[in-house]
Structure formats: C-alpha cells, structure tokens
Asker: 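Before anything else, here's the structure in question.
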Amino acid sequence: MSSVYSKEDIKKVSDSYSNREKNTSDRVFCTNLSEQLGKTITMSGSIYKINNLGGIEFYTLRDRTGLTQLVLEGEIARVKLTPLSIVQVKGMVTKEERSPYNGIELKVTELTILSEAASDVPFTVGGNLSNLNLPTLLDNRPISLRNIEILSVFKVQSEIAGSFAEFLRLHNFTEIKTPKIISNETEGGSNIFEIKYFDRQAFLAQSPQFYKQMMVGSGLERVFEIGPVFRAEKHNTVRHLNEYTSLDFEMAFIKDEQDLIDMQEALLIHILKNIKAKYSDVLEYFGQEIIIPTSIPRIHFIEALEIADKLGVKDMDGDISPEGEKVVCKYIEEQYGSQFVYIVGYPVKKRPMYTMQDERLPGYTRSFDLLYKGLEITTGGQRIHNYEALKANMIAFGLNPAAYKDYLETFKFGMPPHGGLGMGLERVTMKLLGLGNVREATLFPRDIGRLEP
RNA sequence: GAUUGCGUAGCGAAGUUGGUUAUCGCGUCGGCCUGUCAAGCCGAAGAUCGCGGGUUCGAGCCCCGUCGCGAUCGCCA
C-alpha cells in the first residue's frame with residue numbers, strides 16, 4: 001500500500017496518540033471566578049453581550065457555567081468583536097462593585113478570537129427574546145438555543161429525566177432500550193408512521209408498551225425506558241408533537257393500579273424536590289413556584305365528569321374534553337391545593353385492548369390519567385395479564401391475535417399481574433415552567449409542518 | 001380533516017372611510033463616546049406590502065383565487 005505521506009510522517013502522528021501531551025488547560029469558569037481574585041487567569045467562552053463606550057468596552061463572556069464581565073481598556077479595546085464570537089481571554093480577576101456579575105470582572109490583557117461570528121444574526125441572542133414569535137425561534141433553533149433562558153429549559157428537562165431514572169433505579173427498576181423500528185402497530189389506528197425497511201414495510205413505534213411488558217415478563221419485573229415515540233396524528237395544538245420523549249415504567253406484582261399511582265407520586269415528589277433545589281433561579285425567571293404535594297388527589301372518571309358538568313363544561317361523547325380537564329384541575333387546586341390530580345377509571349372503550357377492567361364497575365377500567373395544571377401528562381394503568389382474557393379482548397377490539405403472536409407469547413408462558421405508565425417529558429417540562437407551547441420545551445420539535453431544523 | 005385568524009425590511013409591530021415619497025422600535029453598517037448593564041448621541045443602508053388576478057383615475061387597505069403560518073377542535077402524552 002502506498003501513501004502520499006512518508007513513513008516517518010505517519011509514524012509521528014501514530015506515536016502522538018500513545019505519547020500524547022495531555023490538555024492541561026488552566027481554563028477558569030465563571031462560577032469559580034471569586035476564588036481567583038487578584039490573579040491573572042485564562043477564560044474561554046462566547047461573547048454574549050456588548051457595551052462599547054469607545055475608550056472602554058464591556059463584553060459579557062458566557063461559558064457553560066455562567067456569565068462574566070470582561071473589561072477592555074486602552075489598546076486592546078481596538079479589537080473588533082462581534083456578538084457570539086468564541087474567544088479565549090487572559091486577564092486579572094478584579095473586585096468591582098459596578099460589575100453586574102457578582103461584583104467581579106476580568107480586566108482583559110490578551111484576547112484571542114477562536115471563531116468569529118458573522119454579524120447578521122437574526123435576533124439579539126443575549127437580549128430578551130420573549131417578544132419574538134415562536135416560529136422565528138424554532139426556525140433559527142441553533143441560534144435561539146444559545147439564549148441562556150431558552151437553554152435553561154433544557155437543563156431543567158435533563159434534570160427531570162435524570163431524576164426519573166435516578167428514582168426508579170433506587171427502587172430496583174432496570175433501564176431498558178426497546179426498538180423504535182417495528183413491524184406491527186401497538187395500539188391500532190392510523191396514527192402510525194410508515195417507513196421503508198429495506199424491501200419491507202415497517203413502522204415507527206408509537207409506544208414501548210409491548211416491549212415494556214415483555215421485559216416485565218422476562219424476570220426483570222421492574223423496567224423503565226426514556227425514549228422517543230412517534231405519533232402520525234395530524235394535530236396542530238400547543239400540546240402535541242409528532243415525536244416526543246416518553247418516560248415509561250412498568251412493574252410486576254402489583255395489587256392494582258393504586259400501586260402504580262403510589263410509585264409515581266413518590267417519583268414526582270423526588271423530581272420536583274430536585275428541580276426546586278437545583279433550579280430555583282430558572283423557576284424564578286419563568287415565574288413558577290413548585291408546590292411539592294404530600295399526596296395527590298385521586299378522583300374517579302365519573303366524578304370528574306360531574307365536576308366538569310357542574311362547572312358548565314359538557315362531556316364530549318362520554319369523555320372529558322381538554323376544557324373539562326382544565327376546569328377539573330382548577331377545581332382540585334381550589335379544593336385541595338394540588339396542581340396535580342389523578343383521574344382513575346376511564347371507560348373501557350376509551351382505553352387500549354390490554355387495559356384491565358375494573359370488576360367493581362364493569363365498563364370502566366383500572367387505568368388513570370394524571371393531570372398537571374390543566375394538562376394530561378400521564379396515562380397508565382393495570383394491564384391484563386391473563387393470556388386467554390387478553391386474546392379475547394383483542395378480538396373484542398377487532399384485532400387479530402395472530403398479528404400479535406410475539407407479544408402474546410409473553411402471556412402464554414406466565415405473566416405476573418402488572419401495570420405501568422407513560423409520561424410525556426416535554427409536557428411535564430412545559431407545565432413545570434409555565435410555558436405556553438410544548439414546542440418551547442422541545443429542542444428540535446417535529447410537528448405537522450416542521451421537519452427542520 | 002373541521003373552525004378561525006394572520007402574512008408589511010433580518011426581528012417585532014403601526015398603517016384611519018382606498019389618496020402623493022409606506023411609519024416606528026430593535027438589529028445591521030459608518031462616526032463620536034472611559035463604567036456600561038434595554039448604554040447614549042449623530043448619520044446611512046435595508047420592503048417588488050406572501051404570490052397571481054380583478055374592481056378603481058388610484059389598492060398595503062376592497063373582491064376572487066392560491067401558497068405559507070398561527071390558534072382551537074377531533075386524537076393524545
């Protein structure tokens with residue numbers, strides 16, 4: 001084999017991997033600045049804000065930990081810097097009352113532009129973006145995400161998902177990853193994306209439901225998954241996405257659906273406590289106060305319909321309308337001081353074929369929704385674990401058991417009583433921060449009109 | 001799919017019963033400015049008013065069509 005490069009050149013590069021000089025960066029971060037008072041240090045980041053007064057220039061340096069005021073005076077102030085440019089600066093950490101960031105600033109003596117940003121930014125990233133239209137922010141997502149307040153939404157979201165996993169691991173759940181390319185519809189209906197899979201037809205998973213249940217049956221007993229789900233519904237609302245992240249868990253040997261609710265209640269408290277402890281600044285920015293519940297009210301579906309009806313919202317073909325969900329939530333908050341409410345016992349015809357019926361109220365199920373600030377954030381319930389009962393229910397729902405052979409095998413060979421739930425990560429984030437549109441709680445939302453960026 | 005609303009510089013908006021050169025703020029570009037933090041002051045560029053057609057002496061404005069977008073509903077987390 002021949003190369004345009006000499007053996008010596010190649011060897012030098014090759015050797016550099018084993019004899020590499022470590023990156024001994026002495027980079028100081030914004031949050032650690034107060035420990036460096038009086039010292040000359042190096043910082044790296046992007047230029048977030050600019051105030052150029054002529055002989056003196058103020059730049060706000062932004063790194064992953066926060067903001068620092070840079071002061072350029074004299075000769076160095078002649079450097080031309082555009083907002084969002086990436087820089088490395090060297091300077092003296094100085095106490096200065098007039099600095100907006102912790103009364104500390106960096107008097108810059110050396111400045112290197114690592115990457116210059118063009119000046120035709122669609123909007124001022126370091127400014128207040130609240131008066132921009134959402135489509136503008138979404139069309140320019142790589143840029144709008146650089147705004148620290150917009151980005152903070154996703155730090156909170158990461159914490160929600162992280163706390164979810166943390167809590168469940170603590171309770172002996174095992175994290176699983178199930179396929180998103182599937183050959184069969186999960187819950188019937190036409191709301192499923194078709195894709196080409198080599199020379200066959202396949203679908204994008206609407207839910208990890210069947211796989212979760214198979215893994216309960218595997219002997220793990222308790223499983224959870226954080227993953228994408230896809231819905232081909234042509235809805236266009238502030239609370240729907242065609243791709244979203246589902247926080248799912250499924251657990252075995254439950255007595256009934258109340259065990260699931262108990263588990264989720266403790267889980268939610270864990271999540272809310274973590275967010276409150278770590279992101280009080282973000283909550284304050286969005287004007288949200290987290291009320292950590294001690295217990296979440298649980299009301300029956302029929303009761304919820306009555307409450308909505310009493311408050312002037314008619315039921316919708318035997319179901320609760322979004323408007324009804326809002327007034328029920330409002331009522332519960334006034335009566336019990338809870339921003340959450342469980343609605344238990346949805347009608348059989350409103351639920352999938354694997355849902356366990358409530359033997360006390362035939363026609364109703366042992367399933368539930370969790371509403372948070374007027375929005376449905378969770379659906380869950382006890383599942384049918386008896387093979388024959390499940391098969392019979394499939395037929396009753398107009399489905400062909402033969403098409404669900406692999407799924408049914410789990411039940412044929414012994415399946416414990418079990419149940420689980422799915423929680424929409426973006427919806428939880430949205431409501432937690434009081435956002436008006438679920439797209440704001442999605443990095444790169446996919447909706448009926450949006451496939452980019 | 002249904003209902004409803006909106007398309008005016010890079011962004012956010014105003015534009016009267018149809019009337020001359022389409023207005024304002026932010027941003028951009030140039031100049032001044034040593035304590036800004038929504039910096040300030042002076043100046044400049046930037047819009048075939050979504051697109052096509054019609055009515056009219058005259059259309060950003062009225063009518064028809066078309067495309068795009070938002071919101072609500074069905075459905076759902």
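Values in this document were obtained by computation on a predicted structure and should not be read as measured data. Below, chains carry the letters A, B, ... as their sequence lines are ordered, and counting in each starts from 1.
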Asker: In whole Å, what separates the P atom of rC62(B) from that of rU16(B)?
Answerer: 9 Å

Asker: If you measure from the C1' atom in rC63(B) to the same atom in rU55(B), how many Å do you get, rounded?
Answerer: 7 Å

Asker: What's the verdict on side-chain hydrogen bond (donor to acceptor under 3.5 Å, both in side chains) for Thr178(A) and Glu225(A), showing C-alpha distance, side-chain angles and the deciding distance?
Answerer: CA-CA 8 Å; Thr178(A) 65; Glu225(A) 175 164 13; 2.7 Å; yes

Asker: Among rC76(B), rC69(B), rU36(B), which nucleotide sits nearest the side chain of Leu53(A)?
Answerer: rU36(B)

Asker: So, does the side chain of His235(A) form a donor-acceptor pair with the base of rC76(B) at under 3.5 Å?
Answerer: no

Asker: Would the number of heavy atoms belonging to other residues, nucleotides or ligands and lying under 6.0 Å from NZ of Lys276(A) be above 12?
Answerer: yes

Asker: State whether the distance check finds a donor on one side and an acceptor on the other, under 3.5 Å, for side chain Lys107(A) versus base rG35(B).
Answerer: yes

Asker: As a test of reading the structure: which of rG12(B), rC73(B), rC37(B) is closest to the side chain of Thr237(A), going by heavy atoms?
Answerer: rC73(B)

Asker: Can you identify which nucleotide, out of rU36(B), rC69(B), rU34(B), has its nearest atom closest to the Pro135(A) side chain?
Answerer: rC69(B)

Asker: Is there a donor N/O on one and an acceptor N/O on the other, under 3.5 Å, for the side chain of Gln69(A) and the base of rU36(B)?
Answerer: yes

Asker: Ignoring the backbone of Arg239(A), work out which of rA71(B), rG12(B), rC75(B) is nearest its side chain.
Answerer: rC75(B)

Asker: On the side chain of Arg427(A), is there an atom forming a donor-acceptor pair with the base of rC76(B) - under 3.5 Å, no angle test?
Answerer: yes

Asker: Of the candidate nucleotides rG35(B), rA39(B), rA77(B), which contains the atom at the shortest distance from the side chain of Arg98(A)?
Answerer: rG35(B)

